[in-house]
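Since the structure is predicted, the reported quantities are computational estimates derived from the model, not experimental observations. The sequence lines fix the lettering, A, B, ..., with proteins before strands; numbering per chain opens at 1.
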Amino acid sequence: MSTTPETLGRTRATTGLPYYLRVLRVVGAIDFKARYTDAALGYVWSVVKPLAYFGVLWLVFAHLLRTANQTEDFTLYLLIGLLLFLFFVDSVGIMLPSIVQGGMTLRRLAFDPILIPLSASVAIGITFLLNVSAFSVFAIYQQIDPRIEWFLVVPLFVELYVFTIALGLLLSALYVRFRDVGQVWELTAQLLLFACAIFYPIGILPDWAQKVAFLNPFVQIMQDMRLVLLGRASGPYDVSAETVYAGYGGRFVPIVIVVLLVLAAIAFFRREGRYFAERL
Amino acid sequence: MSAAIEVAGVSKTFRIPHEQRVFLKEYFLHPFQRMTYERNEALKDVSFSVESGEFFGIIGPNGSGKSTLLRILAGIYVPDRGIVHVSGLLSPFIELGVGFNPDLNARDNIRINGTLAGLTRSQLDERFDEILAFSELERFVDQKLKNYSSGMLVRLAYSLAIQIPFDVLLLDEVLAVGDEAFQEKCFATFDRFKEEGKTVVFVSHGLALMERFCDRVLLLRNGIVEGLGTPAEVIDLYRERMPVET
């Protein structure tokens, strides 16, 4: 008789890629619908909220504080940064408590627990796509010329998605053990809004601060996305990981951080995930 | 007949902390205080097998390890030691009625829970009306589940459970709630499972139910197998050893 635990031969209808995609589609769509079911304006809120947020920041930084004087595309810079930031922060924020909230389901059905935080993030993804559509209309109105570099948006978004999901998975597994993680993340998200150069040019920071800022992959993704969509800017806006870390290799510093985070998140989630049902 | 489930030497111990520490503050305030735990040996060296097509009952007093065993069979809990082997498509239904989202209506809950349990979109579409008809909740399909009674929740859950394709079904106290008429409907599905040669592992305190449906019954007490045999034998043993609880 073996002294190590083994579970063999068990066949379930709850495995395989088609099953994963089905769960993400069904749970994500119903979650998204449920978020706005009882609201008078319904789905309109998903676009109104970021636009209102943008309006406040634009009023303060483009007019009252005159940060916009430093680039003519400030409005679009601000919008791109804000849309990406809201996707990042909202996704992590909704994934973080999802395992604890889905505890009862995990205790009665056998399925991969990774599906809980992943499906929680789908509703935020749908909101993001709606916001991108609204942004596209605005960009057309601003008469931006199409550029060949726009195709780089796809790998940059993949990088953002992978980074966001990895952080969300890691924090959701940690939250099962330490509820403080929720409070820490709320505070961190507030700090990041100011630390990520969303509404001011990152080039106004001292060199050392720029180096620290670009250790956050979100800053690299946001800056690259702005440069790819709008072209090289002038002055303090024209900053990327490549220029900050001097040399072509500098581009890879945030990417290496994303890869390390993904490996750590998967390893930790898989280790902890075996015992979620017992701990919740 | 071949074995649908084989369990060999399975043990499971839970470490229950004397105080819950889920906030960092609790670690900072008592940095040198070691966490102390109560050891709850839920299962101790449990071995048995269930034949394919068998209706297998598990009985025992509260806290004897029945639900833990069912969760280990389902793959929800990981055993500390031992081997579990299940042949065929397994469908676990444990704590029926728990885990639904109370802020969603029955329609959305059926879609989410059916999908999580493994139904495809076309299977759900085909079986949706049948699920509602069996549960007799057609009139309430668009009501949020927070307005449902516990009996209605169990009816919905069981109606969904029997629509999931399976070779081996694990059921935990399915009929603890529910009126007599609905219980009879459930018994009719048990008869159908038997005719179809499905393997069912069934945990219940209902000894009459065990006698009526089960081919064999396993008696668990303090995580140890105390008896395994025909329902009459094991129920007699149960009554003899635990007269107050029965």
Can you name the nearest heavy-atom pair linking [X] to [Y], along with the distance?
X: A/Ala110; Y: B/Gly75; value: CB-C, 4.5 Å
X: B/Arg111; Y: A/Val26; value: O-CG1, 3.8 Å
X: A/Tyr19; Y: B/Thr115; value: CE1-O, 3.1 Å

Heavy-atom contact with chain A under 4.5 Å, split by part of B/Phe166: neither

So, the part of B/Ser11 with a heavy atom under 4.5 Å from chain A: the answer is neither

Non-hydrogen atoms of chain B under 4.5 Å away: do they reach the side chain of [X], the backbone, both or neither?
X: A/Phe276; result: neither
X: A/Leu115; result: neither
X: A/Arg107; result: both

Quick one: [atom1] on [X] to [atom2] on [Y], what's the gap to the nearest 0.5 Å?
X: A/Arg108; Y: B/Ser67; atom1: CZ; atom2: OG; answer: 14.0 Å
X: A/Leu109; Y: B/Phe93; atom1: CG; atom2: CZ; answer: 5.5 Å
X: B/Asn113; Y: A/Thr105; atom1: CG; atom2: OG1; answer: 6.5 Å
X: A/Asp31; Y: B/Leu104; atom1: CG; atom2: CG; answer: 7.5 Å
X: A/Ser119; Y: B/Leu116; atom1: OG; atom2: CG; answer: 7.5 Å

Given side chains that start at C-beta, do those of A/Ile30 and B/Arg107 come closer than 4.5 Å, heavy atoms only? no

Any salt bridge linking A/Glu278 with B/Arg15? Criterion: basic side-chain nitrogen under 4.0 Å from a carboxylate oxygen. no

Cation-aromatic face contact A/Arg279/B/Tyr77, 6.0 Å, 45 degrees: no

